[in-house]
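All figures in this text were calculated on a predicted structure; none of them were measured in a lab. One-based numbering, in listed order, for ligands and for the atoms of each. Worth knowing before you read on, the calculation uses all heavy atoms, side chains too, and leaves out hydrogens, waters and symmetry mates. Note that the numbering runs from 1 along the sequence shown for the chain.
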Amino acid sequence: VDKEELVRKLDEIVGKENVLSSDVDRESYSRDMGEFEGTPGVVARPGSEQEVERIVALADQHTIPILARGAGSSLTGAAVLKGAIMVDMRRMANVIHVDTINWHVRVQPGIALDDLNIELKKYGFFFPPDPASSYICTVGGAIAEGSGGLRCVKYGTMKDWVLSMRVVLPSGRVTTMGEPLAKNRAGYDLLHLMVGSEGTLGIITEAYLKIIPLPQNPDKRLLATFDSWDAVGNVIFDFKKAGIVPGLFEFIDKDHIRALNEKLGQNLEEAEATLIIDVEEAILTRTTDILRARGSTEVRVAKDQEEADTLYEVRANGLLAVKSLAPASMVEDVSVPLDRLGEFLRKVKLIASGNKLMIPVMGHAGDGNVHPIILYDNSDKDSSAAAAKAFEDVCRAAIELGGSISGEHGIGTQKVGLLREQLRSHDAEESLRLMKEIKRLFDPKGIMNPGKYVEAA
Ligand SMILES: Cc1cc2nc3c(=O)[nH]c(=O)nc-3n(C[C@H](O)[C@H](O)[C@H](O)COP(=O)(O)OP(=O)(O)OC[C@H]3O[C@@H](n4cnc5c(N)ncnc54)[C@H](O)[C@@H]3O)c2cc1C
């Protein structure tokens with residue numbers, strides 16, 4: 001089918017105003033937020049599951065590559081594909097039903113997570129997973145990426161909050177996966193196969209998500225500084241031993257704090273390590289006692305919501321601030337066993353000095369998920385080569401310590417080789433073979449977000 005004919009058929013399905021085929025429009029869908037590129041052939045914006053079904057059936061009939069897109073905020077190349085039919089899901093953004101007895105919400109995939117929470121707040125409920133991009137990222141994108149976030153140390157990631165979903169499969173057929181029930185043991189767990197499938201197995205058109213009541217008393221937020229990472233490691237151990245489960249447990253290094261002071265006009269102590277922690281008021285004293293006993297140079301408890309919000313902004317703006325220190329950057333997302341976090345951070349500093357690069361680190365201390373940010377000059381060949389090497393070295397260091405190359409951002413096209421390395425190194429080669437078979441079973445013509453992730457590994 002030629003492009004004109006394809007556009008005409010899509011016009012029939014979603015209406016002319018919802019088909020974007022001009023160069024300018026396609027260009028606006030050609031990047032994700034990790035700067036991976038691929039201009040789609042055409043963009044369709046469906047308003048219903050039936051329309052998604054018909055678009056996918058069309059792609060199947062003519063064997064045209066197709067992919068869903070939410071906000072395009074992912075960082076690994078998963079949300080761009082040259083020449084494809086791109087299905088922008090953001091017109092399907094309704095909250096269909098909030099169930100305060102069964103504690104779930106039935107929702108369309110195109111709504112942003114923050115907008116979902118604004119709606120749930122009216123009922124006294126909330127949906128905990130909170131990627132730092134929650135102001136734009138969509139329910140569908142967050143499920144497909146298996147996203148995490150700042151509150152996940154207490155509440156878990158997307159996989160823990162999805163009960164059921166409707167999916168248009170690459171064949172154009174539609175199915176339900178899972179049940180909106182607290183317990184369900186009927187058949188293989190296809191639902192969780194879809195979580196983290198990066199748009200390669202089907203397009204999610206609806207989901208039931210678990211929700212919980214908003215806490216009666218908001219946590220207390222505090223900032224603590226340390227002059228060594230070993231001390232931070234000891235705090236993690238002590239929290240675990242004392243059964244302290246923080247609502248938020250983030251760490252930032254000196255480079256981030258310096259960048260925040262210089263670029264965003266903050267006035268923070270430039271300590272080697274800074275922690276931002278939320279805990280229930282009842283255990284606040286126990287928490288601050290541990291921090292002081294482990295040598296914290298400053299423990300500051302936010303006295304009101306405004307100060308608490310400012311501390312959150314420190315963590316949330318850290319990435320933006322360090323990125324402005326260099327012409328280019330690569331954001332890592334490795335996950336390591338908690339008891340090896342200190343060892344891993346020391347290795348990252350060695351990789352930085354060995355490659356003559358700056359690699360600031362921040363991350364989620366409570367679940368061992370680290371975001372080293374590799375800063376480099378993309379106009380300089382040597383600097384770019386050093387950054388590419390450091391990127392792989394950081395992942396390999398995580399793999400060697402029994403960690404994973406991705407805790408939340410996923411694989412896309414960015415880490416396919418490293419995915420293979422991790423699975424090989426952790427004796428999971430046979431699992432990789434099964435994963436490839438699963439992709440073929442779901443998508444025998446290889447049209448849905450092809451050439452990425454498991455298929456390419
Ligand atoms: C500043 C910033 C901070 C971030 N912080 C975090 C963080 O804390 N934690 C974290 O996990 N990630 C984070 N991310 C990464 C990203 O925001 C998340 O992965 C997010 O969930 C992606 O949602 P999206 O709607 O933008 O999806 P997109 O980027 O549009 O798509 C991502 C993938 O999902 C697929 N997809 C989208 N919609 C559907 C659908 N309806 N059905 C099937 N597949 C679909 C796409 O095909 C693609 O493969 C961050 C990104 C930025 C830019």
The closest protein heavy-atom partner of atom 43 (C) of ligand 1 is G202 O, 3.4 Å
Under 4.0 Å between heavy atoms, the region of E145 that gets near ligand 1 turns out to be side chain
The closest protein heavy-atom partner of atom 12 (N) of ligand 1 is H409 CD2, 3.6 Å
Checking heavy atoms under 4.0 Å, the part of N449 that sits near ligand 1 is side chain
The closest protein heavy-atom partner of atom 9 (N) of ligand 1 is E408 OE2, 3.1 Å
Residue, atom and distance of the protein heavy atom nearest atom 41 (N) of ligand 1 read I204 O, 3.1 Å
- D32 to ligand 1, any heavy atom closer than 4.0 Å: no
Atoms of ligand 1 under 4.0 Å from any heavy atom of M89, numbered from 1 in the order shown, are 41 (N)
Atom 22 (C) of ligand 1: closest protein heavy atom, distance to 0.1 Å, is S73 OG, 3.4 Å
Ligand 1 atoms nearer than 4.0 angstrom to some heavy atom of G199 are 44 (N), 47 (O), 49 (O)
A student checking ligand 1 against A144 at a 4.0 Å heavy-atom cut-off should list atoms 34 (O), 35 (C), 36 (N), 44 (N), 45 (C)
Honestly, for M33 the part within reach of ligand 1 (heavy atoms, under 4.0 Å) is side chain
Of all protein heavy atoms, the one nearest atom 21 (O) of ligand 1 is S147 OG, 2.8 Å
the protein heavy atom lying closest to atom 6 (C) of ligand 1 turns out to be A132 N, 3.6 Å
Problem set entry | K154 side chain vs V245 backbone, donor-acceptor pair below 3.5 Å | no
Indicate yes or no: does K347 engage E400 in a salt bridge with an N to O separation below 4.0 Å. yes
Aromatic ring proximity, centroids under 6.0 angstrom, F127 and Y155 = no
protein heavy-atom neighbour closest to atom 27 (O) of ligand 1 works out as G141 CA, 3.4 Å
